[in-house]
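The next block holds one structure in the form of structure tokens; read it before the comments.
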Amino acid sequence: MSEHIYLLTIGLPLATVLLIFGMRYLAAMKQARIRYDNEESYRELAEKAVAAQAETAAALADLKARVASIEKVLKEVE
């Protein structure tokens with residue numbers, strides 16, 4: 001019976017240490033995955049912002065051209 005107790009006193013602390021390291025590894029892996037997903041969503045948001053900014057710049061250029069033509073017409077009328 002003392003052999004069983006000896007093996008338990010050796011095995012249980014070792015199993016506990018391995019379990020703790022395994023849990024820490026899984027937690028670090030999950031945090032890395034969450035961080036990657038978060039960064040990916042920021043990348044998508046930045047891409048959408050750049051696209052919206054390009055659309056706004058194109059619309060602004062169109063408006064500038066229209067205002068210039070309206071000014072030209074108004075100057076001709078005077």
Side-chain angles (χ1 to χ4, degrees):
M1 180 106 158
S2 64
E3 274 185 36
H4 296 296
I5 294 174
Y6 176 74
L7 290 176
L8 282 176
T9 58
I10 298 280
L12 287 179
L14 180 62
T16 304
V17 169
L18 290 176
L19 182 66
I20 289 171
F21 280 115
M23 289 171 57
R24 288 186 65 193
Y25 173 76
L26 289 176
M29 204 168 70
K30 187 168 183 143
Q31 285 177 353
R33 185 176 298 131
I34 290 171
R35 192 176 305 124
Y36 176 78
D37 291 341
N38 194 20
E39 289 173 0
E40 187 67 28
S41 64
Y42 278 128
R43 279 190 205 105
E44 290 173 8
L45 181 62
E47 288 173 2
K48 288 179 184 178
V50 167
Q53 187 176 8
E55 283 182 31
T56 305
L60 182 61
D62 183 46
L63 286 175
K64 283 183 180 180
R66 287 182 182 183
V67 168
S69 67
I70 290 172
E71 286 177 352
K72 183 179 175 184
V73 169
L74 289 175
K75 285 182 183 177
E76 289 176 2
V77 170
E78 288 179 358

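Nothing fancy with the numbering, it's 1 onward along the sequence.
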Residues in salt bridge (charged side-chain N to carboxylate O under 4.0 Å, His left out) contact with Glu44, at least two apart in sequence or another chain: none
To the nearest 0.5 Å, how far apart are OG1 in Thr56 and CG in Leu60? 8.5 Å
Are there over 12 heavy-atom neighbours, none belonging to Arg43, within less than 6.0 Å of that residue's CZ? yes
Can you list, pair by pair, the side-chain donor-acceptor contacts under 3.5 Å of residues 12-26, counting residues two or more places apart and other chains?
from	atom 1	to	atom 2	distance (Å)
Thr16	OG1	Leu12	O	2.8

Can you give the donor-acceptor pairs under 3.5 Å from side chains of residues 28-39 to other protein atoms, not counting sequence neighbours?
none

